[in-house]
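Excluded from the calculations below are hydrogen atoms, water molecules and symmetry mates; all remaining heavy atoms, backbone and side chain alike, are included. Just so you know, these numbers come straight off a predicted model, no measurement behind them.
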Amino acid sequence: MTPRDRRLLADEAHLAELARQDPRITFESHGVPPERYELALLVPGLARGAGGVPVVRSGHRAVIDLHRDYPRLPPVIRWGTPVMHPNILPPRRHGGVCLGSWSAGEGLADVVRRLVRLVTWQEFSVVDPLDAEAAAWAESVGATPGDALDALAARAVPVPAAPGTAS
């Protein structure tokens, strides 16, 4: 068994333990050892609603691919459900996720914990965002990490369109 295979098996075991501890997290793994995960997070987040006004949306899905260069490089994550976040692109824009800094010592369970903190707005960065519109909205309403999502959505300010895009 290669060191990478041992790492992938350890990642699967650690993620299974996290899912046992936190019933909001479920997943399906693919491959032996697993290199692809379909993740479901039963947590609240924000999505664009009618007229571009953010609404609270519960339940999110993402796919995590552990490519050949993982863990030297971070996993590739594609968001699969409507979302509005400076560091996560919605599916209509290919669902990319920016985890920020990466260390090969981080495991898959750590990545999933980070995704939960991101989608629930416990963490975000408006510096060099993936979704410039969401970052501009966050700045316009004075969002700070850890703000209650209901309170953020209640500010009812439409998400601004990025220059050169249609609303």
Notebook entry, point to check: Mind checking whether Pro75 and Val111 have side chains closer than 4.5 Å, heavy atoms only?
Noted result: yes
Next item on the list: Considering non-hydrogen atoms only, spot the tightest contact between Asp5 and Pro33 and give its length.
Entry: OD1-CG, 3.5 Å
Next item on the list: Flag the pair Asp65 / Arg78 as yes when at least one side-chain heavy-atom distance between them is below 4.5 Å, and no otherwise.
Entry: yes
Next item on the list: Identify the two heavy atoms, one from Val126 and one from Pro86, that lie closest to each other, and give their separation to 0.1 Å.
Entry: CG1-CG, 4.3 Å
Check: Taking atom CG of Asp128 and atom SG of Cys98, what is their separation to the nearest 0.5 Å?
Finding: 7.5 Å
Item checked: Contact check, side chains of Arg7 and Tyr70, non-hydrogen atoms, under 4.5 Å -> yes
Note to self: Taking His85's backbone N and O only, do any of them form a donor-acceptor pair with Trp121's side chain (distance below 3.5 Å, no angle check)?
What the structure shows: no
Next item on the list: Using a 4.5 Å cut-off on heavy atoms from C-beta on, say whether the side chain of Val63 contacts that of Arg36.
Entry: yes
Notebook entry, point to check: How many angstroms lie between CH2 in Trp79 and CG in Leu39, if you round to the nearest 0.5 Å?
Noted result: 7.0 Å
Check: What distance separates Ser103 OG from Asp110 CG, expressed to the nearest 0.5 Å?
Finding: 9.0 Å
Notebook entry, point to check: Do the side chains of Pro145 and Gln122 get nearer than 4.5 Å, heavy atoms only?
Noted result: no
Note to self: According to a hydrophobic-cluster definition based on side-chain heavy atoms being under 4.5 Å apart (Ile, Leu, Val, Met, Phe, Trp, Tyr only), do Leu66 and Leu73 belong together?
What the structure shows: no
Checklist line | Test item: Val97 and Asn87 side chains (from C-beta on) under 4.5 Å apart, heavy atoms | finding: no
Check: Between Asp22 and Arg113, is there a salt bridge with N-O shorter than 4.0 Å?
Finding: no
Item checked: For the student: nearest non-hydrogen atoms of Pro54 and Ala153, plus distance -> O-CB, 3.7 Å
Next item on the list: Looking only at non-hydrogen atoms, find the nearest pair between Ala19 and Phe27 and report the distance.
Entry: CB-CE2, 4.0 Å
Margin query: To the nearest 0.5 Å, what is the distance between OG on Ser29 and CG on Leu9?
Written below: 10.0 Å
Check: Going by heavy atoms in the side chains, are Arg57 and Pro82 under 4.5 Å from each other?
Finding: yes
Notebook entry, point to check: Are Leu89 and Val55 joined in one hydrophobic group, where the rule is that I, L, V, M, F, W and Y side chains link up if heavy atoms are under 4.5 Å apart?
Noted result: no
Item checked: salt_bridge(Arg48, Asp131) N-O dist < 4.0 Å -> yes
Margin query: Does either side chain, that of Glu35 or that of His67, offer a donor lying less than 3.5 Å from an acceptor on the other one?
Written below: no
Note to self: When you group the ILVMFWY residues by side-chain heavy-atom contacts below 4.5 Å and let the links chain together, are Leu149 and Met84 in the same group?
What the structure shows: yes
Check: Given Leu152 and Trp137, is the side-chain contact (heavy atoms from CB on, under 4.5 Å) satisfied, shown in steps?
Finding: CA-CA 10 Å; Leu152 284 177; Trp137 177 84; 3.9 Å; yes
Notebook entry, point to check: OG1/Thr26 to CZ/Arg61 distance, rounded to the nearest 0.5 angstrom?
Noted result: 6.5 Å
Margin query: I want to check something: taking the side chain as every heavy atom from C-beta on, are Leu115 and Ile88 in contact at a cut-off of under 4.5 Å?
Written below: no
Checklist line | Residue pair Ala109 / Leu18: nearest heavy atoms and the distance that separates them | finding: O-CD2, 3.7 Å
Checklist line | Ile64/Val112 under side-chain contact (heavy atoms from CB on, under 4.5 Å): CA gap, chis, key distance, verdict | finding: CA-CA 9 Å; Ile64 301 173; Val112 172; 4.1 Å; yes
Item checked: Closest contact, heavy atoms only, Asp147 versus Gly142 -> OD2-O, 4.0 Å
Notebook entry, point to check: Just how far is it from atom OH of Tyr37 to atom CG of Leu15, taken to the nearest 0.5 Å?
Noted result: 6.0 Å
